[in-house]
There are 2 protein chains.
Amino acid sequence: MTQEKRSAAATAAAARILDAATAAFAELGFHGTSTRDIAARAGMSPAAIYVHHRSKEELLYTISLSGHRRVLDAIREASAAGITPTDRLERVAHSFGTWHAEGHVRARVVDYEMGALTAAHQEDVAAVRRDIGTVHRSIIEAGVATGEFAVADPSMTSVSIISLGVDIARWYRPEKAWTTAQVVAHYRDTVLRIVGAAPRS
Amino acid sequence: MTQEKRSAAATAAAARILDAATAAFAELGFHGTSTRDIAARAGMSPAAIYVHHRSKEELLYTISLSGHRRVLDAIREASAAGITPTDRLERVAHSFGTWHAEGHVRARVVDYEMGALTAAHQEDVAAVRRDIGTVHRSIIEAGVATGEFAVADPSMTSVSIISLGVDIARWYRPEKAWTTAQVVAHYRDTVLRIVGAAPRS
DNA sequence: GTCTATATATTGATAGAC
DNA sequence: GTCTATCAATATATAGAC
């Protein structure tokens, strides 16, 4: 058995507990969720959690850190693929919006439960968040340099764009009228308007 | 002693407890806050809370409902004062942004802790939220009618504008670089861009 | 209307059988 | 690696003295 396969998150039971914790945290919040809630959703006894994970807080840490890293990877890939700043921003907005709309349950935990982490774990996540901000800001600055974007303060604008994307996870509910595709398309168009890009054909 | 003065929230001690609860809920979340936390912040014993309020949940309900009502009143007043849809939207954005930036502590509880309310209390708050949405959507529809705004879906656009304002309360921290006035001005300008209004002089 | 003391339930986490 | 049983701490809320 390899090192990787022995690590907690690699076993099927460990993953099932992580998924149960994600669903519970998204619905009730970290502090509103008991370890018994998580165990019940995973179809196991409360004690089983501690065979695979160190603590309830570590469950949140694992969800939050891996979630943040996956978003960062996704937008970096989207950003690299584009040619012009407008292309890159459009791809990044699509990727970022899709993560928050389709993955709204996971994203709700990732983006809104950070405050329940220990200070050290919160700093690990914050570092990834800074990189996510840098990806956005760099594209905006590049677009300002080429004249494609009309933006007075790229830092503030990138915060707004990220904010609008993140907040999808708070308000979006699939049982309502809009599909994720509609929400993402609207987000992408809104982002282009915010930076003052020329309307797309 | 009048009826009003005898109601719980009207006494000084009751208000002090409400303020302490607001600060605690904003920092730790509803479920992360104990009644002992609240009592300690108010400089009272845990038992004192129950002289002035029925339960911890009722504290949140009072904060959340009165907060929502105050926002609704503020944007209704701002909306009525304007002449053109652009004027009205600008005033509403200023009012809505100011509430969330300057009142970010209170707004964080009002907007992000709703899920901890009982179903009945959640519905009371949701009714006010629907009115807040209607105020925004009506202005956008009016602007589309006059040709001042270029918006394909007024419902989605009003959700975006509200979302961008609400989310200020999540990310804004006064100890960072930006003043509330800067954040509000940027929000107001961004809102006008989102609806496709002509840039202001 | 404030307090100390406490009832009662639930919490996160562990012990030990299998 | 799963379970049942349980520990110790903490939760919300109340009782009763002053």
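Chain letters run A, B, ... following the sequence lines, proteins first and then strands; every chain starts at 1. Keep in mind that this is a model prediction, so the values were computed, not measured.
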Legend entry - Contacts of type side-chain contact (heavy atoms from CB on, under 4.5 Å), residue B:Arg88, not counting sequence neighbours: B:Ser79, B:Ile139, B:Ala142
Legend entry - d(CD, B:Glu58; P, D:dA13) in whole Å: 10 Å
Inset, instruction - Give one of base, sugar-phosphate or nothing for A:Ser45, where a contact means two heavy atoms less than 4.0 Å apart. - result: base
Inset, instruction - Please report, rounded to the nearest Å, how far the C1' atom of D:dA13 is from the CD1 atom of B:Ile17. - result: 14 Å
Legend entry - For A:Asp131, all residues meeting side-chain contact (heavy atoms from CB on, under 4.5 Å), sequence neighbours excluded: A:Leu72, A:Arg76
Inset, instruction - Among residues two or more places apart or on two chains, list those pairs meeting side-chain hydrogen bond (donor to acceptor under 3.5 Å, both in side chains) that have a residue in residues 92-103 of chain A. - result: A:His100-A:Asp111
Inset, instruction - Taking A:Arg54 for its side chain and A:Val51 for its backbone only, find out whether a donor-acceptor pair lies under 3.5 Å. - result: no
Inset, instruction - Round to the nearest Å and state the distance from B:Met44 atom CE to D:dA13 atom C1'. - result: 16 Å
Inset, instruction - Between A:Gly32 and A:Arg54, just flag the one whose closest nucleotide in DNA chain C comes earlier from the 5' side. - result: A:Gly32
Inset, instruction - Pick base, sugar-phosphate or nothing for A:Ala47, based on heavy-atom distances below 4.0 Å to the nucleic acid. - result: base
Legend entry - Range on DNA chain C touched by chain A, heavy atoms, distance below 4.0 Å: C:dT11 to C:dA15
Legend entry - Phosphate-side-chain proximity, B:Tyr50 and D:dT14, N/O vs OP1/OP2 below 4.0 Å: no
Inset, instruction - Could you note down all residue pairs passing salt bridge (charged side-chain N to carboxylate O under 4.0 Å, His left out) where residues 177-195 of chain A supplies at least one of them, sequence neighbours left out? - result: A:Glu90-A:Arg188
Inset, instruction - Only counting residues at least two apart or in another chain, list the ones meeting side-chain contact (heavy atoms from CB on, under 4.5 Å) with A:Gln182. - result: A:Trp178, A:Thr179, B:Met156
